[in-house]
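Inspection log for the structure reproduced underneath, given as structure tokens.
Just so you know, residue 1 is the first one in the sequence shown, and it goes up from there.
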Amino acid sequence: LGDPDQKMQIYWLEKAANRNNKYALAVMGQYYLSQYKQPLENNAADTHNELIIEKAKSFLKRSAKKGSTRAMWQLANMYETGLGVEKNLVTAIDIYINAAKDGSPSSLESLAQLCNEGEISTEKFEHVLDIASNKIAETSSNLAVQIGLQQIQGKLGNNFNRGIFMLEQAAKKNNPDAIKVLAY
């Protein structure tokens, strides 16, 4: 079939995004965000940069409204860092929390970092982690093993038993890694 044609890929992704496909919306948001970052990284002025960041935000917000945790994390990260938006840690934390409650491991990691920096209370983080752990245990045995192990090792949260619970749920779904870890 030959080399991939990036222009055609973007064309079809944007077409799907314009039909409100949440995954295409997220990918196009990230695509435009990368286009926005390029001139910034190269210290070059780009007169179209404001239009590009508006497109990125529009695609990401539409995807997030449809439940894409990938888009939610990206938006929260933009607010946390001030990339293309006014920096707003409160908004970033709210979005991270919503995405984490839906099982976003990236949002959990971002919240853990903010908790370590004192920007979110340990109690609030643990509460979110409780909800996220239950959601992840229900939906993805592989991710449940990964997050469960982090909790058992004390790398994510302060509840060893929550990590064991996640591994048990994954083992009930016949996840071989969970079974192996629990047997050990």
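- To the nearest 0.5 Å, atoms CZ (Arg70) and OG (Ser106) are separated by 10.0 Å.
- In plain terms, the two heavy atoms of Tyr79 and Ile95 that are nearest each other are CD1-CD1, 4.0 Å.
- Summarising the geometry, atom CD belonging to Glu119 is positioned 11.5 Å from atom CG belonging to Leu111; distances are rounded to the nearest 0.5 Å.
- The two residues Gly84 and Tyr36 come nearest to each other via the heavy atoms CA-OH, 3.6 Å.
- Checked by atom type and distance alone, the side chain of Arg62 pairs as donor or acceptor with a backbone atom of Ala17 at under 3.5 Å.
- Looking at Ser133 and Gln151, their side chains come closer than 4.5 Å, going by heavy atoms from C-beta outward.
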Is there a side chain to side chain contact (heavy atoms under 4.5 Å, CB included) between Asn134 and Phe165? Walk through the geometry before answering.
CA-CA 9 Å; Asn134 286 327; Phe165 168 79; 3.3 Å; yes
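- Between Met78 and Val85, the closest heavy-atom pair is O-CG2, 3.4 Å.
- Minimum interatomic distance between Ala137 and Met166 (heavy atoms only, all atoms of both residues): N-CE, 4.4 Å.
- By the 4.5 Å heavy-atom criterion applied to side chains, Glu123 and Ser121 are counted as neighbours.
- No donor-acceptor pair under 3.5 Å is formed between the side chain of Lys22 and the backbone N or O of Lys65.
- Within 6.0 Å of atom NZ in Lys15, 12 or fewer heavy atoms from other residues, nucleotides or ligands are found, so the atom counts as exposed in its surroundings.
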Derivation of the side chain to side chain contact (heavy atoms under 4.5 Å, CB included) call for Ile136 and Leu108
CA-CA 11 Å; Ile136 291 167; Leu108 284 173; 4.0 Å; yes
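- For the pair Lys55/Leu51, no side-chain contact is recorded, criterion being any heavy-atom separation below 4.5 Å from C-beta on.
- Hydrophobic clustering of Ile, Leu, Val, Met, Phe, Trp and Tyr side chains at less than 4.5 Å, counting indirect connections, unites Leu33 with Met72.
- Side chains of Glu80 and Ser110: no donor on one and acceptor on the other come within 3.5 Å.
- How far NZ of Lys173 is from OG of Ser140: 7.5 Å, rounded to the nearest 0.5 Å.
- Using a 4.5 Å cut-off between side-chain heavy atoms of Ile, Leu, Val, Met, Phe, Trp and Tyr, with links allowed through other members, Ile147 and Leu114 fall into the same hydrophobic cluster.
- Using a 4.5 Å heavy-atom threshold, the side chains of Leu143 and Pro105 count as touching.
- Looking at Leu25 and Leu60, their side chains never come closer than 4.5 Å, going by heavy atoms from C-beta outward.
- Side-chain atoms of Gln6 and Tyr31 form no donor-acceptor pair, as typed in the model, at a separation below 3.5 Å.
- Residue Glu86 places its CD atom among 12 or fewer non-hydrogen atoms of other residues, nucleotides or ligands, all under 6.0 Å distant.
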Go through the steps for Asn158 and Leu129 under the test side chain to side chain contact (heavy atoms under 4.5 Å, CB included), then give the verdict.
CA-CA 10 Å; Asn158 299 322; Leu129 195 49; over 6 Å; no
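- In the hydrophobic clustering of ILVMFWY residues, with side-chain heavy atoms under 4.5 Å counting as a link, Ile10 and Ile52 come out together.
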Hey, mind stepping through Asn21 and Lys66 against side chain to side chain contact (heavy atoms under 4.5 Å, CB included) and telling me if it holds?
CA-CA 9 Å; Asn21 177 289; Lys66 293 183 134 315; over 6 Å; no
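- Of the options Leu156, Asp130, Ile97, a side chain to side chain contact (heavy atoms under 4.5 Å, CB included) to Phe125 is made by Leu156 and by none of the others.
- Contact check on Glu54 versus Lys57 returns a salt bridge, with a Lys/Arg side-chain nitrogen under 4.0 Å from an Asp/Glu carboxylate oxygen.
- Atom OG1 in Thr69 sits 15.0 Å away from atom NZ in Lys101 (nearest 0.5 Å).
- Side chains of Gln113 and Glu109: no donor on one and acceptor on the other come within 3.5 Å.
- Smallest separation of non-hydrogen atoms from Ala100 and Val128: CB-CG1, 3.7 Å.
- Under the 3.5 Å distance criterion, the side-chain polar atoms of Asn77 are left unmatched by any main-chain donor or acceptor of Trp73.
- Interatomic distance, Gln169 CD to Glu138 CD, rounded to the nearest 0.5 Å: 8.5 Å.
- Taking the six-membered ring for Trp and thresholds of 30 and 60 degrees, Tyr32 and Phe59 have nearly parallel ring planes, at less than 30 degrees apart.
- Residues Asp177 and Leu149 have side chains not in contact (no heavy-atom distance under 4.5 Å, counting atoms from C-beta outward).
- Rounded to the nearest 0.5 Å, atoms CD1 (Ile53) and CG (Leu83) are 5.5 Å apart.
- No side-chain heavy atom of Tyr23 sits less than 4.5 Å from a side-chain heavy atom of Val27.
- Shown here for Ala178 and Ala170, the closest heavy-atom pair between the two residues is CB-CB, 3.6 Å.
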